[in-house]
Amino acid sequence: MAEFELKGIGYRSSKMPGRTQVHVLRRAAPIIQPLFASLASGLNPAIAGQVIEGLGALDDDALDYILDAALAVVQRKESGGWAPIMSSTGSRLMFQDIDTDAGLQLAIATQVLYDNYMPLFRDAPSLFSGGALPPL
(Lines give C-alpha, C1' and ligand atoms only; values in the text may rest on other atoms or scores of the structure.)
Protein backbone atom coordinates (compact mmCIF):
# COMPACT_ATOMS: atom_id res chain seq x y z
CA MET A 1 0.00 0.00 0.00
CA ALA A 2 1.28 3.44 -0.88
CA GLU A 3 0.15 6.81 0.41
CA PHE A 4 0.71 10.02 -1.53
CA GLU A 5 -0.58 13.56 -1.76
CA LEU A 6 -1.69 15.46 -4.85
CA LYS A 7 -3.07 18.99 -4.85
CA GLY A 8 -3.14 18.96 -1.05
CA ILE A 9 -5.33 15.83 -0.82
CA GLY A 10 -4.20 12.49 0.59
CA TYR A 11 -4.59 9.28 -1.38
CA ARG A 12 -3.65 5.69 -0.78
CA SER A 13 -3.48 2.83 -3.20
CA SER A 14 -3.39 -0.90 -2.83
CA LYS A 15 -1.84 -3.37 -5.22
CA MET A 16 -3.68 -4.42 -8.35
CA PRO A 17 -4.21 -8.19 -8.67
CA GLY A 18 -1.23 -9.89 -10.33
CA ARG A 19 -3.02 -10.79 -13.55
CA THR A 20 -4.34 -7.24 -13.85
CA GLN A 21 -0.78 -5.96 -13.36
CA VAL A 22 0.38 -8.04 -16.32
CA HIS A 23 -2.42 -6.79 -18.57
CA VAL A 24 -1.88 -3.17 -17.52
CA LEU A 25 1.89 -3.41 -18.01
CA ARG A 26 1.45 -4.77 -21.52
CA ARG A 27 -0.87 -1.92 -22.46
CA ALA A 28 1.16 0.75 -20.61
CA ALA A 29 4.55 -0.16 -22.10
CA PRO A 30 4.78 3.01 -24.26
CA ILE A 31 4.32 5.29 -21.26
CA ILE A 32 5.93 3.51 -18.28
CA GLN A 33 9.45 4.94 -18.69
CA PRO A 34 8.45 8.60 -19.10
CA LEU A 35 5.87 8.38 -16.30
CA PHE A 36 8.45 6.96 -13.89
CA ALA A 37 10.96 9.59 -15.02
CA SER A 38 8.40 12.29 -14.20
CA LEU A 39 8.25 10.98 -10.62
CA ALA A 40 12.02 10.85 -10.32
CA SER A 41 12.92 14.23 -11.80
CA GLY A 42 9.72 16.18 -12.24
CA LEU A 43 7.73 16.82 -15.37
CA ASN A 44 10.14 18.88 -17.45
CA PRO A 45 9.36 19.69 -21.11
CA ALA A 46 11.35 16.74 -22.49
CA ILE A 47 9.63 14.21 -20.22
CA ALA A 48 6.23 15.83 -20.83
CA GLY A 49 6.81 15.36 -24.55
CA GLN A 50 7.65 11.69 -24.02
CA VAL A 51 4.51 11.19 -21.91
CA ILE A 52 2.35 12.85 -24.57
CA GLU A 53 3.99 10.77 -27.30
CA GLY A 54 3.42 7.59 -25.28
CA LEU A 55 -0.20 8.49 -24.61
CA GLY A 56 -0.67 9.11 -28.31
CA ALA A 57 0.56 5.60 -29.05
CA LEU A 58 -2.21 4.08 -26.92
CA ASP A 59 -5.63 3.39 -28.36
CA ASP A 60 -8.67 4.51 -26.36
CA ASP A 61 -9.42 1.03 -25.04
CA ALA A 62 -5.87 0.55 -23.74
CA LEU A 63 -5.84 3.94 -22.01
CA ASP A 64 -9.27 3.33 -20.48
CA TYR A 65 -8.12 -0.10 -19.24
CA ILE A 66 -4.98 1.38 -17.64
CA LEU A 67 -6.83 4.25 -15.96
CA ASP A 68 -9.75 2.09 -14.78
CA ALA A 69 -7.46 -0.58 -13.31
CA ALA A 70 -5.21 1.97 -11.60
CA LEU A 71 -7.96 4.23 -10.25
CA ALA A 72 -9.96 1.24 -8.98
CA VAL A 73 -7.37 0.55 -6.24
CA VAL A 74 -7.24 4.12 -4.89
CA GLN A 75 -8.93 5.71 -1.91
CA ARG A 76 -9.07 9.38 -0.97
CA LYS A 77 -8.70 10.78 2.51
CA GLU A 78 -11.95 12.31 3.66
CA SER A 79 -12.97 13.74 7.04
CA GLY A 80 -14.59 10.43 8.03
CA GLY A 81 -11.75 8.19 6.82
CA TRP A 82 -10.94 6.80 3.39
CA ALA A 83 -13.35 6.69 0.44
CA PRO A 84 -12.88 4.83 -2.87
CA ILE A 85 -12.43 7.21 -5.80
CA MET A 86 -14.27 4.84 -8.19
CA SER A 87 -17.74 3.42 -7.81
CA SER A 88 -17.98 -0.19 -6.68
CA THR A 89 -18.83 -1.19 -10.25
CA GLY A 90 -15.83 0.73 -11.60
CA SER A 91 -18.10 2.63 -13.94
CA ARG A 92 -17.57 6.17 -12.68
CA LEU A 93 -15.35 8.39 -10.57
CA MET A 94 -16.84 9.45 -7.26
CA PHE A 95 -15.22 12.90 -6.99
CA GLN A 96 -15.96 15.67 -9.48
CA ASP A 97 -12.49 17.23 -9.22
CA ILE A 98 -10.92 13.94 -10.32
CA ASP A 99 -13.58 13.29 -12.97
CA THR A 100 -12.99 16.65 -14.64
CA ASP A 101 -9.18 16.77 -14.36
CA ALA A 102 -7.35 14.48 -16.80
CA GLY A 103 -4.01 15.56 -15.35
CA LEU A 104 -5.08 14.51 -11.86
CA GLN A 105 -6.28 11.15 -13.17
CA LEU A 106 -2.91 10.61 -14.87
CA ALA A 107 -1.01 11.71 -11.75
CA ILE A 108 -2.96 9.28 -9.55
CA ALA A 109 -2.53 6.46 -12.07
CA THR A 110 1.21 7.18 -12.30
CA GLN A 111 1.55 6.75 -8.53
CA VAL A 112 -0.34 3.44 -8.70
CA LEU A 113 1.75 2.16 -11.62
CA TYR A 114 4.97 3.12 -9.84
CA ASP A 115 3.89 1.33 -6.66
CA ASN A 116 2.89 -1.79 -8.59
CA TYR A 117 5.81 -2.05 -11.03
CA MET A 118 8.89 -0.54 -9.39
CA PRO A 119 9.47 -3.69 -7.29
CA LEU A 120 9.24 -5.81 -10.45
CA PHE A 121 11.78 -3.68 -12.29
CA ARG A 122 14.06 -3.57 -9.25
CA ASP A 123 13.84 -7.34 -8.72
CA ALA A 124 13.86 -8.39 -12.40
CA PRO A 125 17.62 -9.13 -12.65
CA SER A 126 17.48 -11.62 -9.78
CA LEU A 127 14.16 -13.12 -10.87
CA PHE A 128 15.58 -14.05 -14.25
CA SER A 129 19.23 -14.69 -13.38
CA GLY A 130 19.00 -16.32 -9.96
CA GLY A 131 21.25 -13.59 -8.51
CA ALA A 132 20.85 -11.62 -5.32
CA LEU A 133 18.43 -8.74 -5.12
CA PRO A 134 19.95 -5.28 -5.42
CA PRO A 135 19.58 -3.07 -2.34
CA LEU A 136 16.60 -0.71 -2.14
Side-chain angles (χ1 to χ4, degrees):
M1 182 172 298
E3 291 194 20
F4 53 94
E5 186 174 306
L6 296 168
K7 295 188 174 187
I9 298 173
Y11 296 91
R12 71 177 180 193
S13 66
S14 58
K15 296 284 188 187
M16 293 182 285
R19 178 82 44 107
T20 302
Q21 288 182 27
V22 171
H23 289 297
V24 168
L25 182 59
R26 182 173 57 88
R27 288 171 173 90
I31 59 170
I32 289 288
Q33 190 280 330
L35 287 177
F36 286 10
S38 73
L39 288 175
S41 62
L43 194 59
N44 64 50
I47 293 174
Q50 291 174 359
V51 170
I52 291 167
E53 218 173 270
L55 288 171
L58 300 174
D59 64 36
D60 290 350
D61 289 339
L63 183 56
D64 286 344
Y65 188 92
I66 294 164
L67 288 173
D68 290 346
L71 298 176
V73 298
V74 178
Q75 297 178 323
R76 178 175 172 154
K77 189 168 183 111
E78 292 290 300
S79 58
W82 293 92
I85 66 169
M86 297 253 332
S87 66
S88 60
T89 61
S91 61
R92 67 183 184 94
L93 290 161
M94 302 300 291
F95 296 92
Q96 184 177 3
D97 62 318
I98 300 171
D99 191 37
T100 60
D101 187 341
L104 184 55
Q105 289 179 37
L106 288 171
I108 293 169
T110 298
Q111 293 286 338
V112 172
L113 295 175
Y114 186 84
D115 181 50
N116 278 263
Y117 298 119
M118 214 43 216
L120 171 68
F121 295 141
R122 186 195 73 232
D123 298 346
S126 67
L127 293 173
F128 296 108
S129 69
L133 292 176
L136 288 174

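Here, residue 1 is the first one in the sequence, and each next residue gets the next number.
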Indicate yes or no: at least one non-hydrogen side-chain atom of Leu58 is less than 4.5 angstrom from one of Pro30.
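A side-chain contact exists here, since the closest heavy-atom pair is under 4.5 Å.
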Side chain to side chain, Ile31 and Thr110, heavy atoms closer than 4.5 Å
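The answer is no; the side chains never approach within 4.5 Å.
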Partner set under side-chain contact (heavy atoms from CB on, under 4.5 Å) for Ala2, not counting sequence neighbours:
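For Ala2, the residues satisfying side-chain contact (heavy atoms from CB on, under 4.5 Å) (neighbours in sequence not counted) are Ser13, Asp115.
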Pairing residues for Ile98 by the side-chain contact (heavy atoms from CB on, under 4.5 Å) criterion, not counting sequence neighbours:
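With neighbours one apart ignored, the set is Tyr11, Arg76, Ile85, Leu93, Phe95, Leu104, Gln105, Ile108.
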Let me confirm one number: the [atom1]-[atom2] distance from [X] to [Y], rounded to the nearest 0.5 Å.
{"X": "Gln111", "Y": "Leu6", "atom1": "CD", "atom2": "CG", "answer": "5.5 Å"}
{"X": "Ser91", "Y": "Asp68", "atom1": "OG", "atom2": "CG", "answer": "9.5 Å"}
{"X": "Glu5", "Y": "Glu3", "atom1": "CD", "atom2": "CD", "answer": "10.5 Å"}

Hey, is [atom1] on [X] packed in by over 12 heavy atoms from elsewhere, all under 6.0 Å?
{"X": "Glu53", "atom1": "CD", "value": "no"}
{"X": "Lys77", "atom1": "NZ", "value": "no"}
{"X": "Asp59", "atom1": "CG", "value": "yes"}

Using side-chain contact (heavy atoms from CB on, under 4.5 Å), reason through Asn116 and Thr20 one step at a time and then give a plain yes or no.
CA-CA 10 Å; Asn116 278 263; Thr20 302; over 6 Å; no
Hydrophobic cluster identity match, [X] and [Y], side-chain contacts under 4.5 Å:
{"X": "Met86", "Y": "Ile9", "value": "yes"}
{"X": "Val22", "Y": "Leu67", "value": "no"}
{"X": "Ile66", "Y": "Ile52", "value": "no"}

Test salt bridge (charged side-chain N to carboxylate O under 4.0 Å, His left out) applied to Asp101 - qualifying residues, sequence neighbours left out:
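Result, salt bridge (charged side-chain N to carboxylate O under 4.0 Å, His left out) vs Asp101: Lys7.
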Which atom pair, heavy atoms only, marks the closest approach of [X] to [Y]?
{"X": "Tyr117", "Y": "Ile32", "result": "CD1-CD1, 4.2 Å"}
{"X": "Ile47", "Y": "Pro34", "result": "CG2-O, 3.4 Å"}
{"X": "Gln75", "Y": "Trp82", "result": "OE1-CB, 3.6 Å"}

Could you walk me through whether Leu55 and Leu106 pass side-chain contact (heavy atoms from CB on, under 4.5 Å), step by step?
CA-CA 10 Å; Leu55 288 171; Leu106 288 171; 3.9 Å; yes
Check whether any side-chain N or O of Tyr65 sits under 3.5 Å from a backbone N or O of Arg27 as a donor-acceptor pair, and report yes or no.
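A pair under 3.5 Å: no.
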Whether Gln21 side chain and Met16 backbone form a donor-acceptor pair below 3.5 Å:
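Checked: pair present.
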Quick one: do Tyr114 and Val112 satisfy side-chain contact (heavy atoms from CB on, under 4.5 Å)? Show the steps, please.
CA-CA 5 Å; Tyr114 186 84; Val112 172; over 6 Å; no
